[in-house]
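Taking it in order: structure first as structure tokens, then the write-up.
Order of appearance sets the numbers: ligands from 1, and atoms from 1 within every ligand.
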Amino acid sequence: MIYLKSHNEILKIRAACQIVGQLLDLLSNMIEPGISTWELDHFAESFIRDSGGKPAFEGYQIPGLKPFPGTLCTSPNSVIVHGFPSKKVILKEGDIIGIDVGAIKDGYYGDAARTYAVGKVSEEASRLMEVTRTALSKGISAAVDGARVGDISYAIGSYITEQGYFAADDLTGHGVGRELHEDPQIPNTGRRGYGPRLQAGMTLAIEPMVNIGTNRVKEKGWEFSVADGSLSAHFEHSILVTNAEAEILTKA
Ligand code: MG
């Protein structure tokens, strides 16, 4: 079911998205060698609650796994998504760390992610982050009223391939708003002109996950990593499809 949101719903989704966008900005000042992902998670939970929201990932259920234990997904280096925050995961100089966060406020959701450099990172790591960020903006540019989901997927996937990298298999973006994950799925590779048609009033979470060495992923419980151990980056925004350029809702 693809929901078109009313003006009133969009106001609420925008408010939830603002919490997420502001939080991701604040986290950039905290990310440095020596901090644990648990400390980041602790800060994130307080910030969301102080903003009148609730963490959207905490307690999230996937059949066969224990409920998600934190506010943030914290995914270092070759972890693609869904890493657990932990006191044992201490960031070190040269790491990259993907942070994905969702908030719910007044019954509506916002969802976004960023990958951060910890101190000074390799040229390879910063190029990967730059390519992933650009892949996201290409996907957002393709999200216009009248286009199709495949146009977003193609914009993201063809750019990643051109740059010599790989979109992680089976991990996709999604509709967002009334629920954390709504239809349509938004794959990070695909064909122009295929898939559901986009309409003004849709709210979508677009999220390229880009690996250096291979598209293949390995799953361990919640955690998805790159099969060959190479680096992976992840950027995500929740956006509103309009009659003109999409509005980025999770930009602080
Ligand atoms: Mg998402």
### Query
If you draw a 6.0 Å radius around NE2 in His42, do more than 12 non-hydrogen atoms from other residues or ligands fall strictly inside?
no
### Task
Taking Ser51 for its side chain and Gly53 for its backbone only, find out whether a donor-acceptor pair lies under 3.5 Å.
no
### Query
Is it true that some N/O/S atom of His181, main chain or side chain, lies under 2.8 Å from the Mg ion (ligand 1)?
no
#### Entry: Angle in degrees, rounded to 10°, that OE2 of Glu236 and OE2 of Glu207 form at the Mg ion (ligand 1)
90°
### Message
Is it the case that the side chains of Arg192 and Tyr154 hold a donor-acceptor pair, with the cut-off being a distance below 3.5 Å and no angle test?
### Response
yes
### Query
Does a side chain donor of either Asp228 or Ser230 reach within less than 3.5 Å of an acceptor in the other side chain?
yes
### Under 2.8 Å: N/O/S of Asp100 next to the Mg ion (ligand 1)
no
### Task
May I have the step-by-step check of salt bridge (Lys or Arg N to Asp or Glu O under 4.0 Å) for Arg127 and Glu130, ending in yes or no?
CA-CA 5 Å; Arg127 181 169 177 267; Glu130 197 47 49; over 6 Å; no
### Query
Which atom, counting only N, O or S, brings Asp111 closest to the Mg ion (ligand 1)?
OD2
#### Entry: the Mg ion (ligand 1) - name of the N/O/S atom of His174 that sits closest to it
NE2
